[in-house]
Amino acid sequence: MSETPERRTYGGWHEPSTTYIGGIGKKLFYTFCILISLSILGLMLGRWVFSVLVLLMIGLAWLLMAWRYGGRSGYEVITTRVGWRRQKRGGSHILRAGALSNQAGGRIRLPGVAANIELWWGIDALGRKFAMMHLPTTHQYTIHLRCTVPGFGGAEQSRIDLDVANWGEFINLNGQAGDIDCVATTIEWLPETGARAESNVADMCAPGGSPIAQSAVRETITDVDSQGLQFHARMSITWRAKTAAARRDPMVMLGDLAQRIPAICRNLAELRVTGVPMSDNLIAAVVRRSYDPRTGVEAVAEQVARTDDPLVSWLDAGPVTAEETKASYFHDGAVSRTWEMHIPPRGKPNEQVLRSLLEANAKAPRKRITLLHRPLSPADAAAAVERSFLSALTASNTNRGHGTARGDLGLRAAEQTRREEADGAGVTDFSLLVTATADTEAELNRIAEDIIEMGQHARIGLRPCYRYQAAAFLGGLAIGVLLPDHASTPKSLQA
């Protein structure tokens, strides 16, 4: 009699600690120690006022660095709030574009840091057209793949386990090169408008064909084709230029990626995922659809996907009007809200832990889930794991009481990660962004409750991206804007 195989579970993730002693990093700790020593020397020399002021400033700075609110240091909280107030006073939280605006050329560019993104296109080694985004300020290049995902329906558990293992190997392989900054996987659900059915019918109706036959095919479109939800999956991979030639000339990187893309698609095929490069016209139409969810824009996106006609220019892919509030982002007659994952899946879940978030839900008809992996190169992985282990060891030795148990758990997790990395396992930072879009803010507030509930079912913690909704919306689009690379707070002052 055969035994039922044990269901695999996954875990081992933990939030790496960057603290050394007293809730601050190693460099800051030694800097404060030197300043304290100099202050004590000043007291001994009779410089009372100056030394006391320096000690008070050190104490305040230490307190702000050690204090944590929502996983952020006091400096991060203060800089975010101050930056938001300065943004509102200057009116930069409101965007007006188009022919009557003060935008250069009257174009409708993307807002924020994405306004500098250049869109290039090339032909890969298999003769397929692909788009490449270039962000000059960070020397990053991004390509996009439209994916066809078979799902787990009807698949045996052994096949599912193999797919999960191959996915981990795919991320690990991308980290070996050392120049890949991010692998972003985006799952998007949109209300069905009938545009996709119209596009399919247009494919079947050849120009000059029988009018009677074409009429019969068009009559097959029913009201059902304008109901339900449609599913889109895509992947974006972001590289950072490592050579001076690639940083100076995007054509160098374009030629390099043209050779890499077929290999990436072959690796995805091991996961039973079909990846096809997205053209520059399609990328512009998809981004425009994200900002303007009207039916007409959806029809244009479907037509571009079918014919690759240049119906949407990259310089006009942004919102005509946009306004950012503390917890919402208004754009072209719609309103969106983005949440970030601040607590990873608890315990040791199986491969379907995110199912409640990823599957279709009529309560949240327009939502986008972006899973971001930032694989570390072998050298960076070893240094990061060692640094995290030393921080966890210090926290376990210095804390007392309840903190000791929590410190011991963190130390065991860091030690396991250290051992697995030494055995050859890859190390990656990962995060999750969830964006929901509605017609009104009242409707969005109702959807927000359902999104939080979906996150609870997925055993993760979600929180709104307060005071940076516009930037978080860009990050969820996965167009090469990696939020940590554009943070206003220096890394030395982050939690």
Side-chain angles (χ1 to χ4, degrees), residues 13-45 47-86 138 181 340 342-343 374 376-377 379-404 406-411 413-415 417-418 421 427 429 431 463 466-468 482-495:
W13 43 70
H14 69 283
E15 186 174 358
S17 175
T18 58
T19 61
Y20 181 61
I21 294 178
I24 62 176
K26 189 174 183 178
K27 291 182 179 179
L28 277 179
F29 174 76
Y30 285 115
T31 301
F32 286 163
C33 286
I34 293 174
L35 292 176
I36 291 173
S37 300
L38 292 176
S39 299
I40 294 175
L41 180 61
L43 290 174
M44 296 173 62
L45 295 176
R47 307 271 183 168
W48 292 89
V49 177
F50 176 77
S51 300
V52 169
L53 287 176
V54 171
L55 288 174
L56 289 177
M57 292 176 63
I58 293 174
L60 179 60
W62 196 315
L63 178 64
L64 289 176
M65 195 62 209
W67 176 57
R68 295 291 185 270
Y69 181 78
R72 294 183 172 87
S73 69
Y75 285 107
E76 290 180 273
V77 174
I78 291 175
T79 54
T80 300
R81 291 176 181 268
V82 171
W84 170 247
R85 290 178 181 176
R86 185 185 300 117
T138 57
D181 269 1
E340 62 178 350
H342 69 102
I343 299 176
R374 305 198 69 172
L376 303 181
S377 65
D380 292 338
V385 168
E386 191 67 23
R387 186 167 55 249
S388 177
F389 174 75
L390 293 177
S391 297
L393 181 63
T394 303
S396 178
N397 292 335
T398 55
N399 289 334
R400 295 291 182 268
H402 175 68
T404 303
R406 184 175 298 177
D408 290 344
L409 290 175
L411 179 60
E415 188 174 4
T417 302
R418 184 190 188 199
E421 190 276 333
V427 179
D429 296 333
S431 58
R463 66 184 176 198
Y466 290 121
R467 299 180 181 86
Y468 60 101
L482 307 180
L483 299 183
D485 296 345
H486 303 277
S488 57
T489 305
K491 289 186 177 181
S492 59
L493 300 180
Q494 296 178 10

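Counting begins at 1 with the first residue of the sequence. Keep in mind it's a predicted model, so treat the numbers as computed, not measured.
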**Item:** Candidates V54, L53, V52 - the one meeting side-chain contact (heavy atoms from CB on, under 4.5 Å) with F50
**Value:**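 Going through the options one by one, the only one that passes is V54.
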Would you compute the distance between atom [atom1] of [X] and atom [atom2] of [Y] and round it to the nearest 0.5 angstrom?
{"X": "I58", "Y": "F32", "atom1": "CD1", "atom2": "CZ", "answer": "7.0 Å"}
{"X": "T79", "Y": "R86", "atom1": "OG1", "atom2": "CZ", "answer": "10.0 Å"}
{"X": "S51", "Y": "L56", "atom1": "OG", "atom2": "CG", "answer": "11.0 Å"}
{"X": "T80", "Y": "Y75", "atom1": "OG1", "atom2": "OH", "answer": "14.0 Å"}
{"X": "L38", "Y": "L55", "atom1": "CG", "atom2": "CG", "answer": "10.5 Å"}
{"X": "S37", "Y": "L41", "atom1": "OG", "atom2": "CG", "answer": "9.0 Å"}

**Asked** So, does R68 use its side chain to make a donor-acceptor pair with the main chain of M65 at under 3.5 Å?
**Response**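 Side chain of R68 to backbone of M65, a donor-acceptor pair under 3.5 Å: yes, one is there.
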**Request:** Examine distances only and state if a side-chain atom of E386 and a backbone atom of A383 form a donor-acceptor pair shorter than 3.5 Å.
**Result:**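 Here the side-chain-to-backbone pair does not exist.
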**Asked** Does the side chain to side chain contact (heavy atoms under 4.5 Å, CB included) test come out yes or no for Y468 and H486, once each step is laid out?
**Response** CA-CA 12 Å; Y468 60 101; H486 303 277; over 6 Å; no
**Request:** Search all heavy atoms of I36 against all heavy atoms of W62 and return the closest pair with its distance.
**Result:**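 It is CD1-CZ3, 4.4 Å.
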**Request:** Heavy atoms only: give me the nearest V77-R72 pair and the separation to one decimal.
**Result:**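 The answer is CG2-CB, 4.3 Å.
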**Message:** If you count heavy atoms of other groups shown closer than 6.0 angstrom to CZ of R81, is the number above 12?
**Reply:**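 Not more than 12 within 6.0 Å, no.
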**Request:** Please report the C-alpha distance between R374 and D485 in whole Å, then the side-chain angles of each, then the deciding distance to 0.1 Å, and finally whether the side chain to side chain contact (heavy atoms under 4.5 Å, CB included) criterion is met.
**Result:** CA-CA 12 Å; R374 305 198 69 172; D485 296 345; 3.2 Å; yes
